[in-house]
Amino acid sequence: LEHKFDIIGLQETMQADIDDSILRKLDPSQIYLWKLLPSRGRSGGILSGIRVEFFNVGSFKEGKYILQLNLWDKTHKIKWNFMNVYGSPHEENKAEFLTELASFCGTCQDPFLAGGDFNLFRFTNEKNKSTILSKHSGTFNSIISCYDLLDLSLAGGRFTWSNNQASPTLVKLDRTL
């Protein structure tokens, strides 16, 4: 890695398993503790890396769409959770994803940061083309409101996904709460 991030969250790895040789390429100095939530078939997969110089990992919890790591911050002497999120890209599974997100938020005893690809947009201005909100946007917004989450602003642009067409559709699907 060119930069030394304290926490790394990768989504859509499409990996059922990660070979040590791949992790050595990502982390040649072996300064991270890695945890994989395997893909299901050819979609999904979450990989989290925690820099052990700054954090201890006490435990982890795996969902279908979320990998939660319970962290002890060695510098600030506080316990908190990192949730690496890859929301369902399939309409028929979005309700299941949102149920899991609400469950993880509701059972988390410590402060947490949830980040990743939620595969949902919250407001019509999070898409560059005229659109109506998904039937799941209201539920997503309710979860954010219910748990008093802050949707952190992006730096460097308004959108996180493109369909890479001549007249592209651009959407904000990735976020940190």
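Looking at S103, its side chain never comes within 3.5 Å of a backbone N or O of T99 through a donor-acceptor pair. S29 places no side-chain N or O within donor-acceptor distance of the main-chain N or O of I31, the cut-off being under 3.5 Å. Between the D19 side chain and the S21 main chain, a donor and an acceptor come within less than 3.5 Å of each other. Looking at E126, its side chain never comes within 3.5 Å of a backbone N or O of T124 through a donor-acceptor pair. In this structure a side-chain-to-backbone donor-acceptor pair under 3.5 Å is missing from S39 to G45.
Between L10 and I46, every side-chain heavy-atom pair lies at or beyond the 4.5 Å cut-off. L120 places a side-chain heavy atom less than 4.5 Å from the side chain of L98. In this structure, the side chains of K61 and T107 come closer than 4.5 Å at one or more pairs of heavy atoms. Residues W72 and F55 are not in side-chain contact: their nearest non-hydrogen atoms beyond the backbone lie 4.5 Å or more apart. In this structure, the side chains of N128 and F159 come closer than 4.5 Å at one or more pairs of heavy atoms. At least one side-chain heavy atom of S134 sits less than 4.5 Å from a side-chain heavy atom of H136.
K127 pairs with exactly one of T169, L133, L173, I132 by the side-chain contact (heavy atoms from CB on, under 4.5 Å) rule, that one being T169. Shown are V171, L170, D117, N119; of these, the side-chain contact (heavy atoms from CB on, under 4.5 Å) with W161 is made only by V171.
Checked against salt bridge (Lys or Arg N to Asp or Glu O under 4.0 Å), K74 has no partners two or more places apart in sequence or in another chain. Residues satisfying the salt bridge (Lys or Arg N to Asp or Glu O under 4.0 Å) criterion with E91, sequence neighbours excluded, are absent altogether.
A distance of 10.5 Å separates CG of D6 from CG of L71, quoted to the nearest 0.5 Å. Taking CD1 of I66 as the start and CD of E62 as the end, the distance is 12.0 Å to the nearest 0.5 Å. Note that CG of N56 is 11.0 Å distant from CD1 of I50, once rounded to the nearest 0.5 Å. With rounding to the nearest 0.5 Å, the separation of OG1 in T139 from CZ in F97 is 11.5 Å. D174 contributes atom CG, which lies 14.0 Å from atom CZ of F121 (distance to the nearest 0.5 angstrom).
Two different hydrophobic clusters hold F5 and I7 under the rule that ILVMFWY side chains link at heavy-atom gaps under 4.5 Å. Criterion: ILVMFWY side-chain heavy atoms under 4.5 Å apart, direct or through other members. Under it, L69 and I8 are not part of a common hydrophobic cluster. No continuous path of hydrophobic side-chain contacts links L154 to L177 [ILVMFWY only; heavy atoms under 4.5 Å]. One hydrophobic cluster holds both L37 and L33 under the rule that ILVMFWY side chains link at heavy-atom gaps under 4.5 Å. Under the 4.5 Å side-chain heavy-atom criterion for grouping Ile, Leu, Val, Met, Phe, Trp and Tyr, L113 is connected to V57 within one hydrophobic cluster.
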Please determine whether side chain to side chain donor-acceptor pair (under 3.5 Å) holds for the pair D27 and W34, giving the CA-CA distance in whole Å, both sets of side-chain angles, and the decisive distance to 0.1 Å. CA-CA 10 Å; D27 180 18; W34 296 96; 3.1 Å; yes

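No more than 12 heavy atoms of other residues, nucleotides or ligands shown are found within 6.0 angstrom of CD on Q109. Atom NZ of K129 is surrounded by more than 12 heavy atoms from other residues, nucleotides or ligands within 6.0 Å.
With a 6.0 Å cutoff to the six-membered ring centre and a 45° limit on the axis angle, R40 counts as a cation-pi contact of Y65. Taking the ring axis of F60 as reference, the NZ or CZ atom of K35 stays within 45° of it and closer than 6.0 Å to the ring centre.
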For residues 81-90, please give each side-chain donor-acceptor pair under 3.5 Å, one per line with the distance, not counting sequence neighbours.
unit_1: N81; atom_1: OD1; unit_2: Q68; atom_2: NE2; d: 3.1
unit_1: N81; atom_1: OD1; unit_2: N70; atom_2: ND2; d: 3.3
unit_1: N84; atom_1: OD1; unit_2: Q11; atom_2: NE2; d: 2.6
unit_1: N84; atom_1: ND2; unit_2: L47; atom_2: O; d: 3.1
unit_1: N84; atom_1: ND2; unit_2: S48; atom_2: OG; d: 3.0
unit_1: Y86; atom_1: OH; unit_2: E12; atom_2: OE2; d: 3.4
unit_1: S88; atom_1: OG; unit_2: H90; atom_2: N; d: 3.1
unit_1: S88; atom_1: OG; unit_2: H90; atom_2: O; d: 3.2

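Note on residues 102-115: pairs passing salt bridge (charged side-chain N to carboxylate O under 4.0 Å, His left out), not counting sequence neighbours, are K79-D110. Within the structure, every pair that satisfies the salt bridge (charged side-chain N to carboxylate O under 4.0 Å, His left out) test and touches residues 64-73, not counting sequence neighbours, is listed here: K64-E96. Within the structure, every pair that satisfies the side-chain hydrogen bond (donor to acceptor under 3.5 Å, both in side chains) test and touches residues 140-151, not counting sequence neighbours, is listed here: R122-N141, R122-D151, D151-R175.
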